[in-house]
There are 2 protein chains.
Amino acid sequence: MESNVHKISCPDCRLSDLCLPYGLQQNEVQQLATIVKNKRPMQVDEYLYLQGDACQNLYAVKSGSFRSFIADDNGNEQTIGFYLPGELMGLDALQHSRTTCSIIALETSTVCELPLLRLNELCSQMPSLQNQVMRIMGKGISSDHDKIIMLGHRTAKEKMATFLLMLSRRYAGLGFSSTVFNLTMSRQDIANFLGLSNETVSRLFTELSKDGVITVKQRGIQINNLATLKSIVKPCLPDDQLSFIA
Amino acid sequence: MESNVHKISCPDCRLSDLCLPYGLQQNEVQQLATIVKNKRPMQVDEYLYLQGDACQNLYAVKSGSFRSFIADDNGNEQTIGFYLPGELMGLDALQHSRTTCSIIALETSTVCELPLLRLNELCSQMPSLQNQVMRIMGKGISSDHDKIIMLGHRTAKEKMATFLLMLSRRYAGLGFSSTVFNLTMSRQDIANFLGLSNETVSRLFTELSKDGVITVKQRGIQINNLATLKSIVKPCLPDDQLSFIA
DNA sequence: CGTACAATTGAGAATCCTCAAGAGCAGTGG
DNA sequence: CCACTGCTCTTGAGGATTCTCAATTGTACG
C-alpha cells in the first residue's frame with residue numbers, strides 16, 4: 001500500500017510539516033523539492049552509509065527507522081541515536097565531508113537525499129530555508145545534549161523510562177499513538193544506546209511490566225501509566241526538556 | 001599585558017586560524033570583523049547566559065575558558081562541556097532562539113559576540129563563510145558524539161584518561177604545551193562532566209599519579225606518559241577520533 | 001519440526017557511589 | 001604572624017547498582 005512512498009515529493013509528503021519544509025511557503029517547498037533525490041527503498045540491515053565514507057549529502061527519513069553508531073578498532077559499537085520519519089541524518093559529515101558514524105536501516109525504509117552543494121546554493125537565495133537548516137542543526141545539537149544528560153547521571157531505570165518517553169513523544173509528533181507502538185530496534189540496540197547491558201534492559205522491561213507501568217509483548221510496547229513513567233524521570237529534567245534525540 | 005585582548009579584532013586575533021575566520025580570504029575576514037562585537041572581560045563565575053535566555057548570537061571564546069551545563073528543577077546540574085579559546089558557544093540556541101544551557105566563566109575571560117542575523121546575511125553573500133559555519137556546527141555535533149561515546153560504555157579510568165587527552169589535544173591546538181597545563185575547572189566540575197562522583201575523580205588522579213602517568217599539583221597537571229594514557233583509551237576509539245568536545 | 005538467534009532469568013563479582021572523617025590551602029581578622 | 005574559617009580535595013570503609021557468565025526459555029524461519 002505504501003510501496004510508492006519513495007516517489008512522493010516534498011509538496012505532497014505527509015511529513016512536510018516535520019521535515020525541512022517546515023515553515024516554508026508553498027513555492028519555496030517546490031523549489032526545495034527540485035533538489036531532493038528520492039532514493040529507492042532500503043532493506044533491514046542495509047547501510048545508508050559507513051563510518052568514514054565521503055558524504056556530501058543530508059538524508060531525511062521518509063519512512064521506516066535507522067540506527068547510527070560509531071565503531072572502534074575492535075569492532076565495539078556505541079549507538080549514537082535512532083532516526084524516525086522526518087528526521088535528518090548526515091549532520092555528522094558536515095565538518096570534513098566525511099561521515100563519522102555508520103547508519104543502518106532497522107526495517108524497510110526510504111530516505112530523501114539532499115545534496116549539500118545545492119542545498120547551500122538554495123539557502124543563499126532563500127533565507128527562510130537557511131533559518132530552517134539552522135534550526136534543525138540546533139535541534140540536533142540540543143537532542144545530543146539531552147542524550148549526554150541521560151547517560152551522565154541516571155540510573156538504569158531512569159534511562160529506560162527516559163528512552164520510552166522519548167519514543168512516545170516522537171511517535172505522537174508523527175501522529176501515531178503515544179502509548180502503543182512497536183520498537184524497531186533490538187534489546188541489544190537499546191542497551192548499547194543507554195550504556196547498559198542487554199540483561200539489565202531485559203530485567204527493567206520485566207520490572208516495569210510487573211509494576212503495571214507498561215505491557216511488553218516482544219517488540220510491542222504499551223504504556224499503561226505515562227504519569228508513573230514521567231515520575232521516574234521527573235527529578236532529572238525540566239518537564240518540556242524531553243524533546244530529544246535524533 | 002593581555003589586558004587589551006578584548007579590543008583585538010579578527011584580522012589581528014592570534015586565534016583566527018582556529019575560529020570562524022579559518023579558511024577565509026583576508027578581505028573576507030575583515031568583513032566578518034565588522035559584525036563582531038567585542039565584549040568587556042568577564043570575571044570568574046560570571047554567566048555568559050542563563051538557561052532559557054533569549055539569544056540571537058553566537059559567542060567565540062577569545063581568552064579564558066567556560067563551562068556549560070543544564071540544570072533540572074531540583075537544581076541538579078549536568079555539565080555539558082568546556083570551552084577553550086577559538087571555540088564557539090551558543091549553538092544550543094539555534095533551534096528556538098533560546099538557550100538550553102547556562103554558560104559560566106571558569107576564569108577571567110573574554111568573548112566575541114556574533115549577531116546571528118548579521119552572520120546569516122553575510123553567509124548569503126559569502127559561501128566560504130557559510131561553509132565554515134557548517135563545518136563548525138558539524139564539529140560541535142561530532143564532539144557531542146564523542147562525549148556520548150565517552151559516557152556510554154567507559155569505565156571511570158577510561159573516562160579520566162579520555163578527558164585528559166582531550167584537554168591535551170586542545171591545548172596543543174592552541175599552541176600551548178600538550179603535557180603541562182592547568183585545569184581551569186574544579187574536581188567537582190570534572191566529575192559532573194564525566195558522570196562520576198568527585199571522590200572517584202580524586203582517587204583516579206591519585207592512582208594515575210602513583211603509576212607515574214601524570215603528576216598532579218592542585219590544578220596543575222603534567223602528563224609524564226602520553227602513551228600510557230592513550231593505551232588506557234585505546235580500546236575505545238580509532239586513534240584520530242579524539243578531536244573532541246566543545 | 002529443528003535450528004538459529006533473541007530475550008529472559010539467576011547467581012556471583014566488580015565497579016562505583018555514598019557517607020564520613022581528615023588534610024591542605026586561601027583568605028580574613030585579630 | 002598566627003589562629004580561625006571556609007572551601008576544595010583526599011582518603012577510607014561499607015553498600016548498592018550494574019555487569020559478567022551461564023543456563024533456559026521463547027520466537028522466527030527455513
Side-chain angles (χ1 to χ4, degrees), chain A residues 43-45 67 74 76-79 104 106-108 150-164 182-211 214-222 232 235-236, chain B residues 43-45 67 74 76-79 104 106-108 150-164 182-211 214-222 232 235-236:
Chain A
Q43 303 306 315
V44 185
D45 285 342
R67 175 176 76 93
N74 304 336
N76 299 318
E77 296 179 1
Q78 166 69 48
T79 294
I104 194 169
L106 291 169
E107 57 189 316
T108 305
M150 180 177 69
L151 291 172
H153 280 294
R154 306 292 162 236
T155 66
K157 194 172 183 178
E158 286 166 354
K159 288 180 181 178
M160 198 68 207
T162 305
F163 176 71
L164 289 172
N182 281 299
L183 302 173
T184 59
M185 66 294 288
S186 68
R187 302 285 193 271
Q188 177 110 27
D189 290 341
I190 298 171
N192 187 291
F193 177 58
L194 298 177
L196 301 170
S197 69
N198 44 16
E199 291 94 333
T200 299
V201 168
S202 206
R203 279 185 252 270
L204 285 167
F205 272 127
T206 305
E207 184 186 337
L208 289 171
S209 284
K210 282 182 180 161
D211 294 349
I214 60 175
T215 304
V216 185
K217 201 179 285 177
Q218 294 296 116
R219 296 201 173 180
I221 297 285
Q222 178 175 338
I232 294 172
C236 310
Chain B
Q43 302 306 315
V44 184
D45 285 343
R67 175 174 77 93
N74 304 336
N76 299 318
E77 297 179 0
Q78 167 69 48
T79 295
I104 195 169
L106 291 168
E107 57 190 315
T108 306
M150 181 177 68
L151 291 172
H153 278 295
R154 307 292 161 235
T155 65
K157 194 171 181 178
E158 286 166 353
K159 288 180 182 178
M160 197 68 209
T162 304
F163 175 72
L164 289 173
N182 281 298
L183 301 172
T184 58
M185 67 293 288
S186 69
R187 302 286 193 270
Q188 177 111 28
D189 290 340
I190 298 171
N192 188 291
F193 177 59
L194 298 177
L196 301 170
S197 69
N198 45 16
E199 292 93 332
T200 298
V201 168
S202 205
R203 277 184 254 271
L204 285 168
F205 272 127
T206 305
E207 184 185 336
L208 289 171
S209 284
K210 281 184 180 160
D211 294 348
I214 59 175
T215 304
V216 186
K217 201 179 286 178
Q218 294 296 116
R219 295 200 173 180
I221 296 286
Q222 177 175 339
I232 295 173
C236 310

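Proteins come first, then strands; the chains are lettered A, B, ... in the order of their sequence lines, and each starts at number 1.
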request  = Give the B/S/- string for nucleotides 1-12 of chain C, one per nucleotide from 5' to 3', where a protein heavy atom under 4.0 Å of the base yields B, of only the sugar-phosphate yields S, and otherwise -.
outcome  = ------SBBBB-
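- Side-chain contact, A:Thr200 with A:Ser197: a donor N or O sits under 3.5 Å from an acceptor N or O.
- Taking the side chain as every heavy atom from C-beta outward, B:Ile214 and B:Val216 approach each other to under 4.5 Å.
- Partners of B:Glu107 under the salt bridge (Lys or Arg N to Asp or Glu O under 4.0 Å) rule, at least two apart in sequence or in another chain, do not exist in this structure.
- Within the model, atoms CG of B:Asp45 and CZ of B:Arg67 stand 9.0 Å from one another, a figure rounded to the nearest 0.5 Å.
- Annotation: the span from A:Asn192 atom CG to A:Arg187 atom CZ amounts to 15.0 Å, rounded to 0.5 Å.
- In this structure, NZ on B:Lys159 lies 8.5 Å from OG1 on B:Thr155, to the nearest 0.5 angstrom.
- Nucleotides of DNA chain D lying under 4.0 Å from heavy atoms of chain B occupy a range whose first and last members, 5' to 3', are D:dC9 to D:dA13.
- Using a 4.5 Å heavy-atom threshold, the side chains of A:Ile190 and A:Phe205 count as touching.
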